[in-house]
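Take a look at the structure below.
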Amino acid sequence: MRAGTWLKMLASHRFSVHPFRVPMAFAISNFSLFNSIFYRLEQSIHGKAIASTAVEKPVVFIIGHWRSGTTLLHELLDLDTQFRSPTTYECFVPHHFLLTQSAITKIFWYTLPSKRPMDNMATGWKRPQEDEFALMNMGLPSTYLRTGYPNDTEQYLDYLNLENLSTERRNEWKEGLDRFIKTLTYTSKKQILLKSPPHTGRVAILRELYPNAKFIHITRSPYSVVPSTIRLWQSLNGVQGLQLDKNTIEAQQKYVFDCYHQMY
């Protein structure tokens, strides 16, 4: 996140940070300043060229509820060299990856765990990643911000389908996604391949943006998906939360169903 986005999130929660998480908050604060500076630099160098980039090939969206197999499908399809997927680094720092990706991923290769906290999927700066993280880090509202403050359970559910947003908010979101996709296209003329469970409820909006887009919807039994999704949020909240997660199993289950209904 840039400094303004980071401070806005902290302010919306009255700068509430658990003492155990103060070192993490301090590190993020420092890095947010770095993001802001290099964002301005990248925009001054590449901004006009990115804005004029045309997305000519149909964007492919992998959709489906969390824990349905979207990540595995994404990594398998990304092996096809006709596709261009955003990397983990590009999604975590969408503001300046054109300038910093090569150097930072080599210097800080050790900062990522070898596997994701919720399963045994491998991680890495150069592995394909979910573009919802990029949108969140660009400052767009996302339900993923809940991992920072997991005890505030109803954050941004309207952004799971965008239907109840004002025209201004919806256009702001569309412009953000389009800017990210144009940046990826600017770096490569390959067909863009994205995966993001929250896009499942946004198909109508995505088709407005990209009328020739293609969608691959993967499904899995809800009897497996629901408990697995609860474990997913518990894992992420425990690793990334600025609060200690106090949600009961019942509260976690309610949140999963609320999201499920909003998306489908």
Side-chain angles (χ1 to χ4, degrees), residues 42-43 45-102 104-105 116 121-138 140 142 144 159-162 170-220 263:
E42 181 169 289
Q43 285 300 300
I45 298 172
H46 299 286
K48 290 183 179 179
I50 292 171
S52 62
T53 297
V55 182
E56 297 177 349
K57 297 181 179 180
V59 181
V60 179
F61 293 93
I62 299 171
I63 57 176
H65 196 276
W66 297 278
R67 313 304 299 149
S68 294
T70 55
T71 298
L72 178 59
L73 180 59
H74 190 197
E75 296 207 354
L76 289 172
L77 288 177
D78 186 65
L79 295 174
D80 189 330
T81 56
Q82 71 177 301
F83 292 123
R84 164 72 161 97
S85 296
T87 66
T88 296
Y89 185 81
E90 290 165 348
C91 289
F92 282 15
V93 285
H95 330 87
H96 53 74
F97 65 81
L98 294 177
L99 299 181
T100 61
Q101 180 164 219
S102 178
I104 296 297
T105 55
R116 302 196 308 181
M121 294 294 291
T123 65
W125 287 123
K126 296 183 179 181
R127 299 184 76 90
Q129 185 56 264
E130 186 175 327
D131 60 290
E132 185 74 12
F133 289 109
L135 302 181
M136 177 188 72
N137 286 318
M138 290 167 65
L140 295 174
S142 170
Y144 286 10
Y159 277 84
L160 287 175
N161 59 28
L162 310 176
R170 192 181 299 116
N171 287 340
E172 180 183 50
W173 186 91
K174 291 163 70 174
E175 289 168 5
L177 175 64
D178 192 51
R179 184 165 63 252
F180 183 61
I181 290 177
K182 283 183 175 180
T183 307
L184 296 175
T185 304
Y186 174 65
T187 66
S188 170
K189 299 306 178 184
K190 295 181 179 182
Q191 190 171 10
I192 302 300
L193 173 67
L194 301 178
K195 87 97 180 178
S196 180
H199 286 333
T200 306
R202 303 166 177 163
V203 172
I205 303 299
L206 294 173
R207 290 191 66 200
E208 289 178 10
L209 263 176
Y210 310 106
N212 61 348
K214 300 180 183 297
F215 297 89
I216 305 171
H217 183 210
I218 185 170
T219 63
R220 182 186 179 195
M263 290 165 65

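Count residues from 1 along the sequence.
Residue pairs meeting the salt bridge (Lys or Arg N to Asp or Glu O under 4.0 Å) criterion with at least one partner in residues 79-95, sequence neighbours excluded, are Arg84-Glu90. Among residues at least two apart or in separate chains, salt bridge (Lys or Arg N to Asp or Glu O under 4.0 Å) pairs with a member in residues 58-69 are Arg67-Asp119. Each side chain to side chain donor-acceptor pair (under 3.5 Å) pair with one or both residues in residues 196-207, not counting sequence neighbours, appears once here: Asp131-His199, Glu132-Arg202, His199-Arg202.
Contact annotation: the side chain of Ile192 approaches that of Leu194 to within less than 4.5 Å [non-hydrogen atoms, C-beta and beyond]. In this structure the side chain of Leu206 reaches within 4.5 angstrom of the side chain of Leu177, judged on heavy atoms. Looking at Leu73 and Lys195, their side chains never come closer than 4.5 Å, going by heavy atoms from C-beta outward. Proximity of Asn137 to Val93: side-chain heavy atoms (C-beta onward) are nowhere separated by under 4.5 Å. Between Phe97 and Phe92 there is no side-chain heavy-atom pair separated by less than 4.5 Å. The side-chain heavy atoms of Pro86 and Phe180, taken from C-beta on, include a pair separated by under 4.5 Å. Contact annotation: the side chain of Leu135 approaches that of Trp173 to within less than 4.5 Å [non-hydrogen atoms, C-beta and beyond].
At least one donor-acceptor pair under 3.5 Å links the side chain of Ser85 to the backbone N or O of Leu193. Side-chain atoms of Glu172 do not come within 3.5 Å of backbone N or O of Leu140 as any donor-acceptor pair. Between the Arg170 side chain and the Leu162 main chain, a donor and an acceptor come within less than 3.5 Å of each other. Proximity of a side-chain donor or acceptor of Thr70 to a complementary backbone N or O of Ile63 within less than 3.5 Å is not detected. Here the side chain of Ser142 pairs a donor or acceptor atom with the backbone of Tyr144 at under 3.5 angstrom.
For the atom pair CD of Glu208 and NZ of Lys174, the computed distance is 4.0 Å after rounding to the nearest 0.5 Å. Interatomic distance, Glu42 CD to Leu99 CG, rounded to the nearest 0.5 Å: 4.5 Å. Atom CG of residue Leu184 and atom SG of residue Cys91 lie 7.5 Å apart, to the nearest 0.5 angstrom. Going from atom CD of Gln191 over to atom OG1 of Thr81 covers 11.5 Å, rounded to the nearest 0.5 Å. Here Thr183 contributes atom OG1 and His95 contributes atom NE2; the two are 11.5 Å apart, rounded to the nearest 0.5 Å.
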- Message: Determine whether Trp66 and Met263 satisfy the following criterion, side-chain contact (heavy atoms from CB on, under 4.5 Å), listing intermediate values before the conclusion.
- Response: CA-CA 11 Å; Trp66 297 278; Met263 290 165 65; 3.4 Å; yes
Would you check, one step at a time, whether the test side-chain contact (heavy atoms from CB on, under 4.5 Å) holds for His74 with Thr71? CA-CA 5 Å; His74 190 197; Thr71 298; 5.5 Å; no
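With no hydrogens or angles considered, no side-chain donor-acceptor pair links Thr105 and Lys126 at under 3.5 Å.
In this structure, the ring-ring contact (aromatic ring centres under 6.0 Å, His included) partners of His65, at least two apart in sequence or on a different chain, are Tyr260.
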Could you go through residues 47-62 and list every donor-acceptor pair under 3.5 Å that involves a side-chain atom there, pairing it with any protein atom two or more places apart or in another chain?
unit_1	atom_1	unit_2	atom_2	d
Ser52	OG	Lys48	O	3.2
Ser52	OG	Ala49	O	3.0
Thr53	OG1	Ala49	O	2.8
Thr53	OG1	Ile50	O	3.4
Lys57	NZ	Lys189	O	3.2

Show me the side-chain donor-acceptor pairs of residues 209-217 shorter than 3.5 Å, one per line, residues at least two apart or across chains.
unit_1	atom_1	unit_2	atom_2	d
Tyr210	OH	Asp178	OD1	2.7
His217	NE2	Tyr264	OH	3.1

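Looking at every heavy atom in both residues, Met138 comes nearest to Pro94 through CG-CG, 3.4 Å.
Applying the side-chain contact (heavy atoms from CB on, under 4.5 Å) test between Thr87 and each of Arg127, Gln129, Gln101 identifies Gln101 as the sole match.
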